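Notes to accompany the following structure.
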Amino acid sequence: MSRFEPGTSISYEKLHKNIDIVRKRLNRPLTLSEKIVYGHLDDPVGQDIARGRTYLRLRPDRVAMQDATAQMAMLQFISSGLPKVAVPSTIHCDHLIEAQIGGVEDLKRAKEVNQEVYNFLATAGAKYGVGFWKPGSGIIHQIILENYAYPGVLLIGTDSHTPNGGGLGSICIGVGGADAVDVMAGIPWELKCPNVIGVKLTGSLSGWTSPKDVILKVAGILTVKGGTGAIVEYHGPGVDSISCTGMATICNMGAEIGATTSVFPYNHRMKTYLNKTGRADIAALADEHKDDLVPDKGCKYDQVIEINLSELKPHINGPFTPDLAHPVSEIGAVAEKNGWPLEVKVGLIGSCTNSSYEDMGRAASLAKQALDKGLKCKAAFTVTPGSEQIRATIERDGFSKILRDVGGVVLANACGPCIGQWDRKDVKKGEKNTIVTSYNRNFTSRNDANPATHAFVTSPEIVTALAIAGTLKFDPETDYLTAANGEKFKLEPPNGDELPARDFDPGQDTYQHPPAESGSVMVDVSPTSTRLQLLEPFDKWNGKDLEDLQVLIKVKGKCTTDHISAAGPWLKFRGHLDNISNNMLIGAINIENDAVNKIKNRLTGEYGGVPDVARHYKANGLSWVVVGDDNYGEGSSREHAALEPRHLGGRVILVKSFARIHETNLKKQGMLPLTFADPTDYDKIRPDDKISVTGLATFAPGKPLKGVVKHGDGSQDIITLNHTFNENQVEWFHAGSALNRMKELQ
């Protein structure tokens, strides 16, 4: 079922040549990450290479976009005026399908509700040479693993969990839509030269411990920002005990530690997966070039973590943040101590992180044990297949029936509850409750828009066990269940085949190949549409310092892209910048009153919603600044979190530190993402302050700007503002956006 477009090439010779050039230049052994990244340099001879410091100009092999971010990416590509994409690219319809009843019904309804958007993406894909995976085909990252990822490829995707492909020895990096446009336009793509964190795995997985536990443990060690600016590279003898899809799980959730991406070295588990997914030819090529697909002996990492898989215990992380790690054996006691609800209301397995054949088989092995003892799940239970191929195969092999019989509902092959596409009915908003998922992210309100939902992430096996038991106070390694006949029994450790004994069942064909001739294809965007809106260019910099920017909101604590531009019901407006801007920062906590979406309009003295006040300021010619805390913009790659502030009159985002993708997205849209040189200067900012940013006439890489903070009482503070702009990015600011600059250069 592999879908390669004409022009797709697997050039291991070129990769090898570039690696050879760079290795001789640097005169040292290279990590695997360095081999693949430097192997895709636009200029391997002249590129300045310094980990953590210089910006690399790269030539990715392909682009993948999910439907929620593809809308804005394709609108920007249309604005560029280019006739066709320059590299193989695909669109994947997975984000707009809401979980309500079950897979068949939900997919049918989604096709009706989203017809306008799907038609736009299908016709835009056909017009500009982009492959189109229809709704129902599956989650973007599973489709990439099954079809497009391969050892040594450099792929960028407009979704933060693109690193999933690292399980197949790929460097797959999540980006905003404007970055995707650069690559589709044939422009070298910029990435700050990543540091490399090595995770050495020893021992082997067994029993209840799963690949998910590796990344749950790593998240506990590194925290949500410990991987920022780095690629996490797994190596060591323990690697061979993990399946290819298990490695993908680990790389996928690496997004939660802020890592640029994660990767595993090529091995026999990857070869087996390539063979099973119809790519034996690629496996044979990878075998020939294996030396380029593993780290050099003696290579140096910037940091090394060692994990003994034989000693690793099952973990569960949360609530409200994916780095709060607990052994499953301790979570009941910790929950009791903290007042977290012990009853598990819903268990949810699947998602792009854990929806492989192996995941589903291991979960079904536990469900079968419960059924044999006359038990069903005490909690509600949902199952999300990662792709049409997985859905069809687990249906054929009986897993779906077992999971349904134990009480499960099989949802559509889509993101669903993982991204908030869940019409949840069993609890009221504000009602305190616990859910356990095999997903990757568990920020406040993310799954069901209920801020009182305590969401925990763990493996599909542990989710299934806890759904059967109905409580967090259950350790399947030691605790007993009571069968229908009253006898006590323990669940045996889960088991399941890595891959189906027979070939995968591809299911329905859901792929639309771009036509060779597309001159007659029309792409229509109605001027009265509420879902889609053609883009107008942002204004250029006027050559002056930014004087008297009003503080719109001083954000308190964690502020993810979910806080800045919520998903869930707002996903339907992802192609309409003005409408989606009505959700800007509505989830952020205002330090002035500890409230969400309630800030003081300094022009009227009245309180209003954040987008409303921003619109009022813009209408009155008052530019504004947002002040934030650490790791601002962590989470999703959604560039709407950068587009919306720009659209509503924002000029500066001033914080203690940024998450990588969001900082780049802000630069792309002509915003100034700045950080306090002294993080304690955050405390000097008052919610009614005005801030001037000076020094822009000589704005240059490595040269800080000055901030003049003007307080309401007439006093001032002078602070130093740092930035990470390089020369090209300064030109984006001058032009008003990266897209404006691209058009200037045409």
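Given the structure is predicted, the values throughout are model-derived calculations rather than measurements.
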Problem set entry | With Phe456, the side-chain contact (heavy atoms from CB on, under 4.5 Å) member among Ile331, Asn317, Asn442, Leu324 | Ile331

Problem set entry | With Thr560, the side-chain contact (heavy atoms from CB on, under 4.5 Å) member among Arg441, Glu634, Arg446 | Glu634

Problem set entry | Donor-acceptor contact present, side-chain Ser210 to main-chain Lys212, <3.5 Å | yes

Problem set entry | Donor + acceptor pair across side chains of Thr510, Glu388 (<3.5 Å) | no

Problem set entry | Tyr148 six-ring centre to Arg62 NZ/CZ under 6.0 Å and within 45° of normal | yes

For this session: Please indicate whether Lys429 has more than 12 foreign heavy atoms, meaning atoms of other residues, nucleotides or ligands, lying under 6.0 Å from its NZ.
Result: no

For this session: Look at the side chain of Asp106 and the backbone N and O of Gln100, then say whether any donor-acceptor pair between them is shorter than 3.5 Å.
Result: yes

Exercise. Between Asn433 and Arg424, do the side chains contain an N or O donor and an N or O acceptor separated by less than 3.5 Å?
Worked result: yes

For this session: Please tell me if the side chains of Leu403 and Phe381 come closer than 4.5 Å, counting only heavy atoms from C-beta onward.
Result: yes

Problem set entry | Val175 backbone acceptor or donor facing Thr158 side chain under 3.5 Å | no

For this session: Output, in order, the C-alpha distance, side-chain angles, deciding distance and verdict of side chain to side chain donor-acceptor pair (under 3.5 Å) for Ser243 and Glu358.
Result: CA-CA 9 Å; Ser243 67; Glu358 180 181 41; 2.6 Å; yes

Problem set entry | Validation row: Pro417, Leu411 side chains within 4.5 angstrom (heavy atoms) | yes

Problem set entry | Close side-chain approach of Thr384 to Ser355, heavy-atom, < 4.5 Å | no

For this session: Flag the pair Tyr273 / Thr245 as yes when at least one side-chain heavy-atom distance between them is below 4.5 Å, and no otherwise.
Result: yes

Exercise. Is the count of non-hydrogen atoms from other residues, nucleotides or ligands lying under 6.0 Å from Lys401 atom NZ greater than 12?
Worked result: no

Exercise. Does a side-chain heavy-atom distance below 4.5 Å link Asn450 with Ser445?
Worked result: no

Under 3.5 Å, which donor-acceptor pairs do the side chains of residues 115-122 form with other protein atoms, sequence neighbours left out?
residue : atom : partner : partner atom : Å
Glu116  : OE1  : Ser529  : OG           : 3.4
Glu116  : OE2  : Ser529  : OG           : 2.6

Problem set entry | Worked verdict on Leu168 versus Arg279 for side chain to side chain contact (heavy atoms under 4.5 Å, CB included) | CA-CA 12 Å; Leu168 203 42; Arg279 293 173 287 172; 3.9 Å; yes

Exercise. With a 3.5 Å cut-off and no angle check, do the side chains of Asn354 and Ser438 form a donor-acceptor pair?
Worked result: no

Problem set entry | Any donor-acceptor N or O pair under 3.5 Å, side chains His92, Thr90 | yes

For this session: Using distance alone, with no hydrogens and no angle criterion, decide if Glu639 and Gln76 have a side-chain donor and acceptor under 3.5 Å apart.
Result: yes

Exercise. Does the ring centre of Phe77 sit less than 6.0 Å away from the ring centre of Tyr128?
Worked result: yes

For this session: Taking Ser637 for its side chain and Asp159 for its backbone only, find out whether a donor-acceptor pair lies under 3.5 Å.
Result: yes

For this session: List the atom of Ile316, the atom of Leu466, and the distance in Å for their closest heavy-atom pair.
Result: CD1-CD1, 4.0 Å

Problem set entry | CZ on Phe132 to NE2 on His513, rounded to 0.5 Å | 14.5 Å

Exercise. Do Ser565 side-chain atoms and Met584 backbone N/O form a donor-acceptor pair below 3.5 Å?
Worked result: no

Seminar exercise, completed: CD (Glu146) and OG (Ser387) are apart, to the nearest 0.5 Å, by 3.5 Å

Exercise. Between His161 and His141, how do the two ring planes meet: parallel, tilted or perpendicular, split at 30° and 60°?
Worked result: perpendicular

Problem set entry | Student check: side-chain heavy atoms of Asn440 and Cys418 closer than 4.5 Å | yes

For this session: For the residue pair Leu371 and Ile402, establish whether any side-chain heavy-atom pair is separated by less than 4.5 Å.
Result: yes

For this session: Using distance alone, with no hydrogens and no angle criterion, decide if Gln66 and Asp94 have a side-chain donor and acceptor under 3.5 Å apart.
Result: no

For this session: Using only heavy-atom distances, determine whether the side chains of Asn252 and Thr353 contain a donor-acceptor pair under 3.5 Å.
Result: yes

Exercise. Would you call Glu98 and Trp422 a side-chain contact if the rule is heavy atoms closer than 4.5 Å?
Worked result: no

Problem set entry | Residue among Lys572, Arg109, Arg531, His95 satisfying side-chain hydrogen bond (donor to acceptor under 3.5 Å, both in side chains) with Asn114 | Arg531

Exercise. Cut-off 3.5 Å, side chains only: do Tyr357 and Asp397 have a donor facing an acceptor?
Worked result: yes

